[in-house]
Amino acid sequence: MNLYLQPVLDQISALSLPFMFAVIFIELIFLWIGRKVKMKKESLVSVLCYILGSVPYILFFAALQLNIMMWIYDNARIFTLGTAWYVWVIAFILFDFIWWAVHFIAHKVRFFWCIHGVHHTPKEMNMSVAIRGSLFDFVQYIHLVIWLPFLGFHPYLIFIVNILSRLYGVFTHMSEEKFKHTPLFDKILITPSLHRVHHSSNHLYIDTNFSNLFSIWDRLFNTYQREVQTVKPVFGLMEKEDLNTENVFSSQFDLWKDLFRDLKSAPRLVDKLKYLIMPPGWRHDAQGLTAKDYRESALRELAFEEKKETREYA
């Protein structure tokens with residue numbers, strides 16, 4: 001199996017990086033020509049964040065991750081699935097479900113939000129946002145690939161699925177200037193419209209649309225949210241509107257600074273631990289509001305407005 005998968009993986013790996021940067025650069029050129037980019041340094045900072053996140057992964061973690069996956073596949077797999085076409089289909093479906101789960105946890109657990117939140121810092125949406133990540137991304141993203149070998153998916157097959165899924169993820173960050181509403185595709189896929197919702201800090205939109213490829217997972221677990229025409233997405237972090245997204249240090253570490261400040265303020269050890277595992281916005285003095293609180297309030301308000309509008313047209 002290695003003889004078949006390894007050259008495919010090598011070829012895709014070699015082509016994916018230049019392809020990704022090419023499409024990002026082309027989109028930015030069109031946006032710059034059309035004067036649609038206001039924060040010109042954001043894209044540069046996204047590239048620097050990508051480089052920062054790649055260094056520890058390449059130097060220390062990539063080989064370890066592969067060795068762990070190969071050991072699981074050789075010694076602990078339940079099935080031997082091969083490389084038939086339906087195995088690839090199942091792999092994409094299961095990988096996307098794991099993506100949904102890991103992504104969900106990244107928004108609901110404060111420690112992981114300090115890592116993933118870096119990706120949400122940009123205040124303008126374009127494909128360069130796709131590569132903005134944390135220096136510590138490897139801590140959580142190992143979970144995207146490490147579990148599937150237990151089921152019998154070969155590690156090389158998983159890496160190929162991972163690369164192709166991430167390339168699709170670059171597309172979902174496309175600017176709304178070039179790719180607007182797509183209600184038909186939204187029923188099946190995570191489109192740029194749905195992912196813009198995910199990146200929005202509007203109370204109605206926060207903590208929704210966690211999938212990378214298939215929107216079915218968000219529909220199943222009640223985290224799906226369409227883009228409402230009357231609620232224009234506002235990008236960036238709801239809790240950190242003053243964060244300088246054109247500064248690498250601020251983008252990488254401001255959320256950690258806030259967490260350490262809250263840890264210091266907590267009087268009890270149990271509260272310090274809760275700050276690590278509870279959702280962002282939770283406070284030991286019960287004065288905080290989480291994304292769930294904000295969204296539930298926004299949903300009630302939207303339902304009221306829609307009911308009011310229906311009565312007016314009746």
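For clarity, every value in this text was computed on a predicted model and none was experimentally measured.
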Apply side chain to side chain donor-acceptor pair (under 3.5 Å) to the pair N212 and S165, showing each step before the final yes or no.
CA-CA 7 Å; N212 183 62; S165 295; 4.5 Å; no
Could you grab the distance from atom [atom1] of [X] to atom [atom2] of [Y], nearest 0.5 Å is fine?
| X | Y | atom1 | atom2 | value |
| --- | --- | --- | --- | --- |
| Y50 | L17 | OH | CG | 4.5 Å |
| L204 | R300 | CG | CZ | 12.5 Å |
| I160 | Q6 | CD1 | CD | 10.0 Å |
| S193 | M174 | OG | CE | 13.0 Å |
| L194 | Y205 | CG | OH | 10.5 Å |
| T245 | R132 | OG1 | CZ | 5.5 Å |

Mutual orientation of the aromatic rings belonging to [X] and [Y] [parallel < 30°, tilted 30-60°, perpendicular > 60°]:
| X | Y | result |
| --- | --- | --- |
| W100 | F104 | parallel |
| H116 | H198 | tilted |
| H103 | H195 | tilted |

Side-chain heavy atoms nearer than 4.5 Å, only ILVMFWY residues, links allowed to pass through others: does that put [X] and [Y] together?
| X | Y | value |
| --- | --- | --- |
| V45 | L243 | no |
| I190 | I188 | no |
| M125 | I131 | no |
| I277 | V270 | no |
| W32 | F21 | yes |

Does D271 have any side-chain hydrogen bond (donor to acceptor under 3.5 Å, both in side chains) partners at least two apart in sequence or in another chain, and if so, which?
R268
side-chain hydrogen bond (donor to acceptor under 3.5 Å, both in side chains) partners for D96, two or more places apart
W217
Is any side-chain heavy atom of [X] less than 4.5 Å from a side-chain heavy atom of [Y]?
| X | Y | value |
| --- | --- | --- |
| L9 | I163 | yes |
| D254 | K240 | yes |
| S215 | K187 | no |
| L52 | L48 | no |
| F95 | L148 | yes |
| I158 | P149 | yes |
| M20 | L167 | yes |
| F249 | S251 | no |

Applied to residues 8-19, the side-chain hydrogen bond (donor to acceptor under 3.5 Å, both in side chains) test, sequence neighbours excluded, yields none
Would you sort out whether S175 and E27 count as a side-chain contact (heavy atoms from CB on, under 4.5 Å), showing the intermediate values?
CA-CA 8 Å; S175 168; E27 186 200 33; 3.5 Å; yes
Restricting to ring-ring contact (aromatic ring centres under 6.0 Å, His included), what partner residues turn up for F136, sequence neighbours left out?
W256
Shortest non-hydrogen contact from [X] to [Y]?
| X | Y | result |
| --- | --- | --- |
| H199 | V129 | CE1-CG1, 3.7 Å |
| G82 | L157 | O-CD1, 4.0 Å |
| Y294 | I206 | CB-CD1, 3.8 Å |
| P279 | T290 | CB-CG2, 4.2 Å |
| Q252 | C49 | NE2-SG, 3.2 Å |

Would you say the side chains of H119 and H173 form a donor-acceptor pair under 3.5 Å?
yes
For S134 and D137, does a side-chain donor sit closer than 3.5 Å to a side-chain acceptor?
no
Evaluate whether atom [atom1] of [X] has more than 12 neighbouring non-hydrogen atoms of other residues, nucleotides or ligands under 6.0 angstrom away.
| X | atom1 | answer |
| --- | --- | --- |
| D285 | CG | yes |
| W147 | CH2 | no |
| F221 | CZ | yes |

Test your reading of the model: is there a side-chain donor-acceptor pair from [X] to the backbone of [Y], 3.5 Å cut-off?
| X | Y | result |
| --- | --- | --- |
| K272 | L263 | yes |
| Q225 | T208 | no |
| T121 | V118 | yes |
| E124 | K38 | yes |
| N244 | S250 | no |
| W282 | G288 | no |

ring-ring contact (aromatic ring centres under 6.0 Å, His included) between F171 and Y168: does it pass, once the steps are laid out?
CA-CA 5 Å; F171 161 74; Y168 180 81; 5.6 Å; yes
Which of N209, D207, D218 passes side-chain hydrogen bond (donor to acceptor under 3.5 Å, both in side chains) with T223? It is D218
Could you please spell out the steps behind the side chain to side chain donor-acceptor pair (under 3.5 Å) verdict for W113 and E239?
CA-CA 12 Å; W113 173 244; E239 73 274 30; 2.9 Å; yes
I would like to know whether Y275 and H284 meet side chain to side chain donor-acceptor pair (under 3.5 Å); could you show each step before the answer?
CA-CA 8 Å; Y275 270 120; H284 69 276; 2.8 Å; yes
Does [X] pair with [Y] as a salt bridge, N-O distance under 4.0 Å?
| X | Y | answer |
| --- | --- | --- |
| D262 | R283 | yes |
| E176 | K232 | yes |
| R196 | E227 | yes |

Apply the test side-chain contact (heavy atoms from CB on, under 4.5 Å) to residues V197 and R226: give CA-CA distance (whole Å), side-chain angles for both, the deciding distance (0.1 Å), then the verdict.
CA-CA 7 Å; V197 167; R226 63 182 174 87; over 6 Å; no
Non-neighbouring partners of L59 that pass side chain to side chain contact (heavy atoms under 4.5 Å, CB included), sequence neighbours left out
V55
Suppose we screen for side chain to side chain contact (heavy atoms under 4.5 Å, CB included). Which residues come up paired with Q65, at least two apart in sequence or across chains?
Y57, F61, M69, I142, V145, F159
Check for me whether R219 meets the cation-pi criterion with Y224, that is, NZ or CZ under 6.0 Å from the six-membered ring centre and within 45 degrees of the ring axis.
yes
